[in-house]
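Since the structure is predicted, the reported quantities are computational estimates derived from the model, not experimental observations.
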2 protein chains.
Amino acid sequence: MFELDMRSRKPIYEQLVDKLKELIINDILKPDEQLPSVRTLAQELTINPNTIQKAYRELEIQGFIYSVKGKGSFVNPIDMKKDTEKMDSVKKELEKLILEALYLGIPADDLIKLIKDLNASKGGGESND
Amino acid sequence: MFELDMRSRKPIYEQLVDKLKELIINDILKPDEQLPSVRTLAQELTINPNTIQKAYRELEIQGFIYSVKGKGSFVNPIDMKKDTEKMDSVKKELEKLILEALYLGIPADDLIKLIKDLNASKGGGESND
DNA sequence: TAAGTGTACTATTATTGTTAGTACAGTTTG
DNA sequence: CAAACTGTACTAACAATAATAGTACACTTA
């Protein structure tokens, strides 16, 4: 389920946060789906449960999951009304990256196409059935 | 010239890298323009010259500046032929952020407009004279 | 009660960020 | 050559952080 780079300078818990965010964003982990428990995942990855918990706690702060004592941790369904702050911060990050891309000489049209493609693959997967 | 947040968890040298990248990308620091020397900037910001050097070294690795012993550090003119690797990595980062933005419910049209605006403000500043 | 969940601690070690100081190599100006 | 500037490369020390290890507690489910 995960591939961690123990030699990386990037902390393990940050790698975990990134991976899990990716799985959630790509809808591989569905809303309200239960994540592996801190102890289970720690055993699978042969790392310490505290490190898992740190990642889960961070994901909870960022609003991607929620945890219930005695039950487990679950994917948090997005709430567009509550998530305006996060939308703003993501937009700011996007601005910086877009400016960098333009600075490097990537055509604006390429970036626009990138968005269109990603947007299409997002909703497009539901055409079958 | 700079505003550093000493209380931030983000290392000072990383803040410096970000600020300088921003100045370069926004064309405030022009190609081949000389940056302040490590000692001068360290004195201005009342931080250690080693920290400045760490930032400059990182910027050199990333291709934004070049340094010449005895002369100084300078903004590196971009070379679209050489920078294909960096373009690819920026595109990958952009993909992740765009997916997150779409996941949060930001309309694709908003993102496209963002690109168009940034692209216009980039070249648009040269119409007057 | 037992076994599973998340959570909260303490302690310890390794790594990293930052400062401080010294030194060396190259450039420029006199 | 000398002086004053540049970048660069070290060592040493301290503070903060990442990660492990271990223990304990609260809650849920069977």
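Between Thr40(B) and the phosphate of dT6(D), there is a side-chain N or O to OP1/OP2 separation shorter than 4.0 Å. Dashed line: the shortest gap from a side-chain N or O of Lys54(A) to OP1 or OP2 of dA18(D) is under 4.0 Å. Residue Ser73(A) has a polar side-chain atom (N or O) positioned under 4.0 Å from OP1 or OP2 of dG6(C). A close approach under 4.0 Å does not occur between any side-chain nitrogen or oxygen of Ser67(A) and OP1 or OP2 of dG6(C). For the pair Ser37(B) and dT6(D), the criterion of a side-chain N or O lying under 4.0 Å from OP1 or OP2 is met. Contact annotation: Thr51(A) reaches the phosphate of dT20(D) (side-chain N/O to OP1 or OP2, under 4.0 Å).
Per the geometry, CD1 belonging to Ile52(A) stands 13 Å off P belonging to dA21(D), to the nearest Å. Atom CZ of Phe74(A) is separated from atom C1' of dG4(C) by 12 Å (rounded to the nearest Å). Protein atom CZ of Arg7(B) is 17 Å distant from nucleotide atom C1' of dA16(D), rounded to whole Å. For the pair Glu58(B) CD and dG7(D) C1', the computed distance is 17 Å after rounding to whole Å. In this structure, Leu41(A) places its CG atom 14 Å from P of dA19(D), rounding to the nearest Å. Here dA21(D) presents its P atom at 16 Å from CD of Gln53(A), a figure rounded to the nearest Å. For the pair Asn48(B) CG and dA9(D) C1', the interatomic distance rounds to 14 Å; values are reported in whole Å. The OH-P distance, from Tyr56(B) to dA9(D), rounds to 16 Å in whole Å.
Cluster partners of Tyr66(A) are Val68(A), Phe74(A), counting Ile, Leu, Val, Met, Phe, Trp and Tyr whose side-chain heavy atoms approach within less than 4.5 Å, directly or via other members.
Under the side chain to side chain donor-acceptor pair (under 3.5 Å) criterion, Asn26(B) pairs with no residue, sequence neighbours left out. Scored by the side chain to side chain contact (heavy atoms under 4.5 Å, CB included) test, Lys54(A) finds Tyr13(A) as partners (sequence neighbours excluded). Applying the side chain to side chain donor-acceptor pair (under 3.5 Å) criterion to Asp109(A), with sequence neighbours excluded, gives no partner residue. Residues satisfying the side chain to side chain contact (heavy atoms under 4.5 Å, CB included) criterion with Asn50(B), sequence neighbours excluded, are Asn48(B). Lys113(A) is linked by a salt bridge (Lys or Arg N to Asp or Glu O under 4.0 Å) to Asp117(A), counting only residues two or more places apart in sequence or in another chain. In this view, Lys71(A) satisfies the side chain to side chain donor-acceptor pair (under 3.5 Å) rule with no residue, not counting sequence neighbours. Residues passing the side chain to side chain contact (heavy atoms under 4.5 Å, CB included) test with Asp110(A) are Ile106(A), Pro107(A), Lys91(B), sequence neighbours excluded. With sequence neighbours excluded, the residues forming a side chain to side chain contact (heavy atoms under 4.5 Å, CB included) with Lys10(A) are Ser8(A), Glu14(A), Gln15(A), Asp18(A), listed by chain and number.
Scanning both residues, Val75(A) and Leu29(A), for their nearest heavy atoms gives CG2-CB, 3.8 Å.
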Might you work through the side chain to side chain contact (heavy atoms under 4.5 Å, CB included) test for Thr51(B) and Leu45(B), ending with a clear yes or no? CA-CA 11 Å; Thr51(B) 305; Leu45(B) 302 177; over 6 Å; no
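Terminal axes of the helix from dT1(C)-dA30(D) to dG30(C)-dC1(D) (five pairs each, C1' rotation axis) are separated by 30°, to the nearest 10°.
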Walk along nucleotides 22-30 of chain C from 5' to 3' and tag each nucleotide B, S or - by protein heavy-atom contact under 4.0 Å, base first, then sugar-phosphate. -B-BBSS--
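Between Leu35(B) and Ile47(A), it is Leu35(B) whose nearest contact on DNA chain D lies nearer the 5' terminus.
Listed by residue number, the members of residues 8-18 of chain A with any heavy atom below 4.0 angstrom from DNA chain C form an empty set.
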